Structure formats: structure tokens, C-alpha cells
Amino acid sequence: MRIAASIRKVLIMNAASTIIFNYIGIFVNLFIWEKNHSIFDVTWFNLIMFITWSLAFAGGSRLLTKYTTRALIRTTATCGAITFILLTSLTLDNRLLWITIIAIPVGIMWGLYAASQNITLTAIGKGGNFEDYFSYATIIGQTISIVNPIVFAFIIKWIGYYGSFIMMFIFITVLMVVSFFISPVTLAEEKKPLFQQMRFSTVFSYPAIRWMVPSCLAAGIFLQFQGLFALIFTFSVSNDKLVIALLNVLYAVSSIIAMVLHRKLTVSSGIWLKVGMVAISVGFLIALLQHSVFLVISNILTTVGLFYFSTIWNSGQFRIISRHTSIEQARILLWREWFLNISRIAMLVLILFVKDLQGLTFILLLAFSLGCALLVPFFSQKSEEALEAE
């Protein structure tokens, strides 16, 4: 399947950045976990990261009214360098302060990157490209998820965490170089300021787009629950870095199989989204059995479900957003990111009170996340129906 050259460049940029983000997502979280095996520590890292991410996304969107996406990607790479400098050199007696300082540049990285990617995609994408883009982006991410964990598991065993932190500067350099070749998308030519007409009622002015709001809030809840506990489930299975890496490879292969089925079978997008949400829901329920085998099966199911979710749900929302002008798209994306991250942050605050994987708090949060996952197809269908009725 052919994809536009401009989309292909965005995918190359994604590949370079995903190597860095995948490493942080697994091994920086593992580095924090190994100190005390504390759910609180890992949750605190992710909480600070998402708060910073939300602010950075807004700041990045604002910067795009003066500069191009190339500047944002270079800033992203710079923040990556700061992160690994801090990891190799910063030592503090106050554990939470240390985690906070590490999480801030990571959040800035992801916030600026998300702003750059979203604005670029809506500016150069057209209707049918979105599902292709998200499908390819997911599979590139999963391919990296196969190679990255194993390679860095061996590197960490060989030269330790600090050696691997230093090696990440290679990929930060690659991201910096790639920034000179991507399409220089900007909002500088827009006549109206970004934060003018940012009122909710102005931005979400018709039914199809208003249904995106509860859909984003529900998605943020279950995405954060799955994202954090997928890590903790994996860390709970083994302390061996190679075993953890191989488990992440298993999850990546599961996602590839899901993509092959998506390509081969003639099934409507709505059905695939429901299949994804059911897989995530079953994965949540299996996690209650707590045995290591069931924790792995839980992660496989939720990984498969997330492939269908990320491919169908995102592409559906971006098709609606692409109907608007560039400055309107920027406003919608800013609100969208805030809704996703507000619900993520709320879930992380609740997870701070989870002491183990068997307590009542964990079960209640799992049930809440399950309910949100099942609501996503309903909200998406309402949005599609409203769009067709226009």
C-alpha cells in the first residue's frame, strides 16, 4: 500500500523518536521500580510526566504560531539529552524530588513531540491516509518494541544502566538530524491567534465533534490504567531484564498478528473497535487472577485491543478534525490533548493509593477502567452517526 511522501517522512521521524520513548517507557520506569518495588514511585513519575506533558503540549502549540515543527523536534531532542544527563549525574536524598526532576524533561519531550506530530498530521493528511498512517505508525512502534527491549536488556547487563543512558545520545542525535528533513509545518501564517476563540462552545460547535469529548475522557482513563499496570504486571513477573524484554517482544508480536488480521479480514471499523475494547476488557478481568501466567495473558489481550483502538479510534477522530482549518485543528487538538491527559492524571492520582495488585482500591479502579473501555465504542458510534446526519 502506497503512502504519501510527506506522511512517510513523519513515519521516519516517529521511528527515531519511538526508540527513545520505548526505552524510557520500559527501562527508566524499571530503573525507578527496582529501587523499592513501589507502585507509588512509578505512578508519581508518570503523574508528573503527564502534568508536564499537558503544559508542554499547550506551549508547543503556541510556539507553532511563530516557529515550525522542526524547532519543536529539536527542542524535544534537547530535552531528551537533558533527561539522560540527569539520569547519569543527579543524586538526591529526597526520592520524590529526584523522580520529579527526572519526569519534567520527559514530559516536555512528549508534550512537544505530540504537538508537533498532531499538527503535522492534520496539515498534510487527507481522509483515508489517517487509518493507513496510524496502522503503519503502530506497526513501526511494535517492531521497535521487539528489537529495542532485547538490545538494551543486553546492553544494561553488559555496561549497566548508566552506560545505556549514555548510548541513548546516539538516538537523540538521529532525532536531531531527522528534524532538518521533515516538512516544516507552522501556524505562523494564520491571521487569528491560537488562543482566541478557544471557548469550549466555540471549538466544539456541532454534535459529531462534541461526542469526541466523553470519548477522550473515557479513553484516557483506561489507557492510563492499562499503560501503567502493563508495566507493573511485567515487572512483577520477573526481575530479570532479559525476561522483561522478551515479554515486551511477545506483546509486540501479538500486536503484529492483530494488524495482519486487520488487513486480511473485511470487517467494518466499528466492529474492529468493539473487538479491541472487548479484548482490553477481558484482559482487565484476567488480571484479577494475579498469577504470573495470567498477568502475561492480560497484557497480550490489552496489547491486541490497543492496536485496534489506536488504529480505528484515532483515525476516526482525525477524519473529523481534518475538516477544519489549520488554526481550528490546532485548537481542537489542544482541547483533545487536555481531555485525554486530565483523565490520565485523575487515574494516576487514584492509583497513588494502590498498595498492591489485590486490594479493594485496585479492583475498584479496574472496574472503573473496564466501564470506560466499554463506553468508547458507544461514544465513537454516536459521533459517526452525528457526522452522517449532517
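The model shown is predicted, which means the values in this text are computed figures rather than measured ones.
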Polar contact flag, side-chain donor to acceptor under 3.5 angstrom, T76-Y113: no
Roughly how far, to the nearest 0.5 Å, is the [atom2] atom of [Y] from the [atom1] atom of [X]?
| X | Y | atom1 | atom2 | result |
| --- | --- | --- | --- | --- |
| N14 | I19 | CG | CD1 | 11.5 Å |
| I312 | W272 | CD1 | CH2 | 8.5 Å |
| W110 | S17 | CH2 | OG | 10.5 Å |
| N299 | L250 | CG | CG | 9.0 Å |
| Q224 | F50 | CD | CZ | 4.5 Å |
| L90 | L92 | CG | CG | 4.5 Å |

At their closest point, which heavy atom of [X] faces which heavy atom of [Y], and how far apart are they?
| X | Y | answer |
| --- | --- | --- |
| W211 | A386 | CD1-CB, 4.4 Å |
| R323 | R319 | CG-O, 3.5 Å |
| F165 | T88 | CB-CG2, 3.4 Å |
| M168 | I20 | CE-CA, 3.5 Å |
| I351 | L228 | CG2-CD2, 3.6 Å |
| I320 | Y206 | CG2-OH, 3.6 Å |

State, yes or no, whether a side-chain contact exists between [X] and [Y] at a heavy-atom distance under 4.5 Å.
| X | Y | answer |
| --- | --- | --- |
| R344 | N46 | no |
| F171 | L175 | no |
| W313 | S215 | yes |
| I101 | W98 | no |
| V203 | I209 | no |
| I32 | R95 | yes |
| T52 | F57 | no |
| L273 | Q381 | no |

Is there a donor-acceptor contact under 3.5 Å from the side chain of [X] to the main chain of [Y]?
| X | Y | answer |
| --- | --- | --- |
| T302 | Q226 | no |
| Y23 | V28 | no |
| N29 | G25 | yes |
| Q329 | H324 | yes |
| T202 | M198 | no |
| S298 | G283 | yes |
| S343 | A218 | no |
| T68 | T186 | no |
| E328 | T325 | yes |

From CA spacing to verdict: side chain to side chain contact (heavy atoms under 4.5 Å, CB included), L375, M277: CA-CA 9 Å; L375 281 172; M277 293 301 99; over 6 Å; no
Steps toward side chain to side chain donor-acceptor pair (under 3.5 Å) verdict (W44, S38): CA-CA 10 Å; W44 183 258; S38 169; over 6 Å; no
F353, CZ atom: more than 12 neighbouring heavy atoms under 6.0 Å: no
Intermediate values then yes/no, ring-ring contact (aromatic ring centres under 6.0 Å, His included), F229 and F362: CA-CA 10 Å; F229 282 104; F362 172 75; 5.1 Å; yes
Stepwise side chain to side chain contact (heavy atoms under 4.5 Å, CB included) test for I99 and I48: CA-CA 9 Å; I99 292 173; I48 299 301; 5.9 Å; no
Electrostatic pair K35:D41 at N-O distance under 4.0 angstrom: no
Let me check something: do [X] and [Y] share a hydrophobic cluster, defined by ILVMFWY side-chain heavy atoms less than 4.5 Å apart, either directly or through other members?
| X | Y | result |
| --- | --- | --- |
| F45 | L350 | yes |
| W158 | L30 | yes |
| L333 | V213 | yes |
| V278 | F378 | no |
| F152 | I150 | yes |

Parallel, tilted or perpendicular: ring planes of F31 versus Y162, cut at 30 and 60 degrees: perpendicular
Plane angle bin for W338 and W335 - parallel if under 30°, tilted between 30 and 60°, otherwise perpendicular: perpendicular
Step-by-step side chain to side chain donor-acceptor pair (under 3.5 Å) determination, S179 to R74: CA-CA 6 Å; S179 71; R74 289 165 198 161; 3.2 Å; yes
Set of residues satisfying side chain to side chain contact (heavy atoms under 4.5 Å, CB included) with respect to N94, sequence neighbours excluded: L96, L97
Side chain to side chain contact (heavy atoms under 4.5 Å, CB included) partners of L301, counting only residues at least two apart: V282, I286, I297
Steps toward side chain to side chain contact (heavy atoms under 4.5 Å, CB included) verdict (Y251, V296): CA-CA 9 Å; Y251 308 148; V296 172; 4.3 Å; yes
Geometric cation-pi criterion, R199 with F204: 6.0 Å, 45°: no
Ring centroid separation F225 to F368 under 6.0 Å: no
Stepwise side chain to side chain contact (heavy atoms under 4.5 Å, CB included) check, E337 with W53: CA-CA 9 Å; E337 199 75 9; W53 177 335; 2.9 Å; yes
